[in-house]
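See structure below.
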Protein chains: 2
Amino acid sequence: MKSITIKKGQIIQHPGDANPKVYKVVSGLLRVYALDQKGKEHIFLFGPEGWIVADGVPLNAPAVLFIDALEDSTLEVTDRVQQNLDKITIDPLIKRISVLQNRVIMLLSASAIQRYEHFEETYPSIVQRVPQKMIASYLGITPEALSKVKSQKAKSKL
Amino acid sequence: MKSITIKKGQIIQHPGDANPKVYKVVSGLLRVYALDQKGKEHIFLFGPEGWIVADGVPLNAPAVLFIDALEDSTLEVTDRVQQNLDKITIDPLIKRISVLQNRVIMLLSASAIQRYEHFEETYPSIVQRVPQKMIASYLGITPEALSKVKSQKAKSKL
DNA sequence: AACCACTCTTAACCTAGATTAAGAAATGAC
DNA sequence: GTCATTTCTTAATCTAGGTTAAGAGTGGTT
């Protein structure tokens, strides 16, 4: 385990990287994302302070996702295999599975509005810290659609 | 750990059940799914023989998903907390995370056709064993849309 | 064999969200 | 403070996939 500090915008993992690491976010905010064939970003995960962020590929497999910093950040970096041996990992793994299960169910069953409201409730602090277009990307919709959704919500409250 | 056998159609877990179990599929085929507000099923996971199937809720939380049998099945049932203590769980957990990460990325970035082709490649045996409408549900589309997609694929091959 | 329940396909129509485009507002660099 | 870049909003148009409906297999059950 070692500590590093990185600047906003810095990319710390690329797809194809061998031996992807586990990052514990001490301060700042990380983003995990994929690019599709058309070069469009799809945000897989936001990692604010306290979160453990890692590419979920099988052990020994190369990375498939990008990780970069949305804010200047301080991280603790651990090797996945090492961490695995240490057996400290089970709880965070179960938490991650729970988050992902929810995400899949939401993507399968909920409309854009419902997904946005769920996100607001679940990660209120993230909403304040990242551009709307990134939240749209996390939700699987375009920034324009999110903008529309929000103005409809506002109107319906009058 | 104990072994049980169940019949096709039998529901072995309901949302709200306390202390959800871990099921190792010895033979047969399980299905994990959610119902939305309109009563529509959304398939979260197929569990053929060899797979370990469980609701991914946090330990001690009640179940949120249904589990039933799509074929007569034999299962080994374990308590999650017990299994956790046994530390045998890390590898299956990482595998599960990898599967879920892929699923989320596909749902965010790929069209219905692409998701279907990916499913065919990844789970060819499942395609043979379950009705099309269940594959559609797993992919997050309607049976009608899947039917359309497949006929378009067939035409484009001529 | 006749019936029932399910599954799949096709087609007409509809809607949520994508795309394109342009202007307004916010943020940042110098 | 000014200019440039990025972000957000609005509006017009388009399209993938949803909805509804009806007919054609396919089994299973008695």
Side-chain angles (χ1 to χ4, degrees), chain A residues 7-10 29 31 33 35-43 46 68-72 106-120 126-158, chain B residues 7-10 29 31 33 35-43 46 68-72 106-120 126-158:
Chain A
K7 288 262 174 69
K8 176 174 174 170
Q10 198 173 333
L29 181 60
R31 171 178 68 151
Y33 65 99
L35 292 186
D36 65 22
Q37 308 92 312
K38 297 173 193 158
K40 220 166 114 182
E41 288 173 9
H42 300 278
I43 297 182
F46 295 108
D68 70 1
L70 297 180
E71 301 172 359
D72 294 352
M106 290 304 289
L107 288 170
L108 288 178
S109 65
S111 66
I113 312 95
Q114 293 171 320
R115 300 208 297 276
Y116 177 65
E117 289 176 343
H118 179 261
F119 185 87
E120 271 187 314
I126 301 290
V127 177
Q128 315 300 111
R129 287 163 77 178
V130 311
Q132 301 285 352
K133 64 168 195 167
M134 289 191 187
I135 294 171
S137 170
Y138 183 94
L139 298 176
I141 60 176
T142 59
E144 293 85 355
L146 180 52
S147 189
K148 202 193 292 184
V149 155
K150 286 180 65 184
S151 77
Q152 282 165 351
K153 250 189 82 175
K155 274 181 211 160
S156 72
K157 277 189 183 167
L158 301 182
Chain B
K7 289 261 173 70
K8 175 175 175 171
Q10 198 173 333
L29 180 59
R31 171 178 68 152
Y33 65 100
L35 292 186
D36 65 22
Q37 308 92 311
K38 297 174 194 158
K40 219 167 115 182
E41 288 174 8
H42 300 277
I43 297 183
F46 295 108
D68 70 1
L70 298 180
E71 301 172 358
D72 294 352
M106 289 305 288
L107 287 170
L108 288 178
S109 66
S111 66
I113 312 94
Q114 292 171 321
R115 300 208 295 278
Y116 177 64
E117 289 176 343
H118 179 261
F119 185 87
E120 271 187 314
I126 301 289
V127 177
Q128 313 301 110
R129 287 164 75 177
V130 310
Q132 302 285 353
K133 63 168 195 168
M134 289 191 187
I135 294 171
S137 170
Y138 183 94
L139 298 176
I141 61 177
T142 59
E144 293 85 354
L146 180 52
S147 189
K148 203 193 291 184
V149 154
K150 286 180 65 184
S151 77
Q152 282 164 353
K153 251 190 81 175
K155 275 181 211 160
S156 74
K157 276 189 183 168
L158 302 182

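What you see is a predicted model, and the numbers here were worked out from it, not measured in a lab. In the text below, chain A, chain B and the rest are named by the order of the sequence lines, each starting its count at 1.
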Atom pairs, N/O to N/O, protein against nucleotides 16-23 of chain C, distance under 3.5 Å?
| residue | atom | partner | partner atom | Å |
| --- | --- | --- | --- | --- |
| C/dG17 | OP1 | A/A112 | N | 2.9 |
| C/dA18 | OP2 | A/T142 | N | 3.1 |
| C/dA18 | OP2 | A/T142 | OG1 | 3.0 |

* Examine distances only and state if a side-chain atom of B/R115 and a backbone atom of B/L139 form a donor-acceptor pair shorter than 3.5 Å. => yes
* Write down the distance between NZ (B/K8) and P (D/dG27), rounded to a whole number of angstrom. => 12 Å
* Could you state the OH-C1' distance from B/Y116 to D/dA16, rounded to the nearest angstrom? -> 18 Å
* Distance-minimising heavy-atom pair for B/S137 and A/L108 -> O-CD2, 4.0 Å
* Taking all heavy atoms of A/A136 and all of A/L146, pick out the closest pair and write down the distance. => N-CD2, 3.8 Å
* Structure fact -> Closest non-hydrogen contact found for A/Q114 with A/M106 is O-CE, 3.9 Å
* Structure fact -> Which of B/K8, B/R129, B/K7 passes side chain to side chain donor-acceptor pair (under 3.5 Å) with B/E71? Answer is B/R129
* How about A/F46 and A/L70: do any of their side-chain heavy atoms sit closer than 4.5 Å? -> yes
* **Set of residues satisfying side chain to side chain contact (heavy atoms under 4.5 Å, CB included) with respect to A/K148, sequence neighbours excluded** => A/Q152
* In whole angstrom, what separates A/I135's CD1 from D/dT9's C1'? -> 16 Å
* Using whole Å, report how far CD of B/Q114 lies from P of D/dA16. => 12 Å
* Asked: Below 4.5 Å, heavy atoms only, C-beta onward: do B/V130 and B/R31 meet side chain to side chain?
  -> no
* Which whole-number value in Å describes the distance from B/L70 CG to C/dC6 C1'? -> 15 Å
Please tabulate the protein-to-nucleotide N/O contacts below 3.5 Å involving nucleotides 3-7 of chain D, giving atom names and distances.
| residue | atom | partner | partner atom | Å |
| --- | --- | --- | --- | --- |
| D/dT7 | OP2 | A/K133 | NZ | 2.6 |

